[in-house]
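Please read the structure below before turning to the comments.
Start at 1 and go down the list; that is how both ligands and their atoms are numbered.
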Amino acid sequence: MHDTGPPLIETRALSAGYGGRPVVRDLAIEVRPGEVVALLGPNGAGKTTTLRALSGALAPIDGEVRWRGEPGRAPLHRRARQGLAYVGERAVFTGLDTADNLRVGRVAARQALELFPELEKRLTTGAGMLSGGEQQMLSLARALCRAPKLLLADELSLGLAPLVVDRLLRAVREAADRGLGALLVEQHVRKVLDIADRVYVLHRGRVTLTGTPEELRGHLDTIESSYLAQETTYATD
Ligand code: ATP
């Protein structure tokens, strides 16, 4: 364990949603330095809403988000300056080439290439022309090379080939081994369990299962089959 201090981020009785209507309720989630935490659940369970509330992009309806032990409602841009990185779907500037995407993200190309040498031959390619996997490597390089304290990543591996997924998840694991805390929303349940330290399963806006990957392996079939069902119901009292 890298740290015995307060979690990097922690929610207490957090409710968040849209137009005053909660989508997630009563969440108690924490991420500590050095750990990879997976947030799993079917479509519509509220995973993105949870990440947005943790990042400061969405203000809580109730409860609180504590950043490094301090309660507060700092917006995303302020948390970003304090060491929070948020990687959503393919977060690249498609009008710029790879090198300029790194420059705009204030990341040295050399450092990004240490993480993903695959990008070297793509430095002068427009980011819109990169494969999905290369775009995600670029997004992740931009996030990780700025040495964030906490990474929140939303479906990093959506639609990508298994080997690329392994590559991205391994990069996150290695960064966590150097002290990063990471919360990953992932559809690749088995792959993320291979690198995660802890897991939360969200169902209809509430955490219904939590534990270590070892503890959850017995529930894998239930978790995966729940992914087949779309969730359209909001969290209710
Ligand atoms: P997915 O795996 O499909 O991305 P998710 O678990 O991330 O799903 P959310 O995207 O958090 O789930 O959505 C949860 C619920 O919140 C859904 O019913 C969705 O329609 C609703 N929702 C999401 N974004 C908004 C929004 N901007 N305004 C209103 N409702 C929204």
Side-chain angles (χ1 to χ4, degrees), residues 9-31 36-65 73 75-77 79 84-92 132-133 135-136 139-140 143 150-162 164-165 168-169 172 182-193 195-196 198-211 216 219-237:
I9 206 153
E10 179 186 9
T11 68
R12 296 193 179 175
L14 177 71
S15 291
Y18 308 92
R21 203 170 170 200
V23 164
V24 293
R25 271 179 193 272
D26 203 23
L27 293 187
I29 285 179
E30 64 172 47
V31 183
V36 176
V37 179
L39 180 60
L40 308 177
N43 291 125
K47 304 180 297 295
T48 298
T49 302
T50 301
L51 286 195
R52 298 189 68 222
L54 286 170
S55 73
L58 191 62
I61 292 173
D62 208 354
E64 64 182 24
V65 177
R73 294 197 167 201
L76 176 56
H77 65 87
R79 290 215 179 117
L84 184 148
Y86 189 108
V87 177
E89 212 183 317
R90 314 277 150 87
V92 297
Q135 288 189 359
Q136 280 307 57
S139 310
L140 194 55
L150 176 71
L151 171 72
L152 303 177
D154 198 354
E155 307 213 10
L156 209 50
S157 59
L158 188 69
L160 301 181
V164 181
V165 177
L168 295 167
L169 293 180
V172 173
L183 182 63
L184 305 181
V185 166
E186 264 304 325
Q187 293 289 341
H188 287 270
V189 176
R190 285 166 202 263
K191 283 190 182 299
V192 77
L193 289 192
I195 62 133
R198 290 190 299 111
V199 181
Y200 296 100
V201 179
L202 207 57
H203 193 72
R204 297 192 177 166
R206 293 180 190 270
V207 172
T208 53
L209 205 55
T210 179
L216 263 73
H219 300 275
L220 267 181
D221 288 344
T222 318
I223 295 170
E224 285 180 330
S225 62
S226 80
Y227 274 42
L228 299 173
Q230 292 257 343
E231 298 213 337
T232 51
T233 322
Y234 282 94
T236 49
D237 282 315

task: Run through Val199, Leu168, Ile195, Val37 and flag the one making a side-chain contact (heavy atoms from CB on, under 4.5 Å) with Leu184.
output: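 The passing option is Ile195.
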
- prompt: Only one of Val192, Leu160, Leu158 forms a side-chain contact (heavy atoms from CB on, under 4.5 Å) with Val165, so which one is it?
  reply: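 Among Val192, Leu160, Leu158, the one that satisfies the side-chain contact (heavy atoms from CB on, under 4.5 Å) with Val165 is Leu160.
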
message: Any heavy-atom pair between the side chains of Asp154 and Lys47 that's under 4.5 Å?
response: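 The answer is no, as the side chains (C-beta and beyond) never meet within the 4.5 Å cut-off.
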
- prompt: Based purely on interatomic distance, does Arg52 place a nitrogen or oxygen under 3.5 Å from a nitrogen or oxygen of ligand 1?
  reply: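 Between Arg52 and ligand 1 (N or O atoms, distance only) the closest approach is not under 3.5 Å.
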
- request: Consider every N or O of Val23 and every N or O of ligand 1, then say whether any pair is closer than 3.5 Å.
  value: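 No, since none of the N or O atoms of Val23 sits under 3.5 Å from an N or O of ligand 1.
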
Could you tell me the separation between the [atom1] atom of [X] and the [atom2] atom of [Y], rounded to the nearest 0.5 Å?
X      : Y      : atom1 : atom2 : value
Leu202 : Ile29  : CG    : CD1   : 6.5 Å
Thr49  : Leu27  : OG1   : CG    : 10.0 Å
Leu39  : Glu155 : CG    : CD    : 10.0 Å

Min heavy-atom dist [X] to ligand 1 below 4.0 Å:
X     : value
Pro42 : yes
Arg21 : no
Gly46 : yes

message: Closer than 4.0 Å to some heavy atom of Thr49 - which atoms of ligand 1 meet that?
response: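 What qualifies from ligand 1 is 9 (P), 11 (O), 13 (O).
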
- request: With heavy atoms of Thr48 as the reference, note each atom of ligand 1 found under 4.0 Å away.
  value: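 So the atoms of ligand 1 that pass are 4 (O), 5 (P), 7 (O), 10 (O), 11 (O).
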
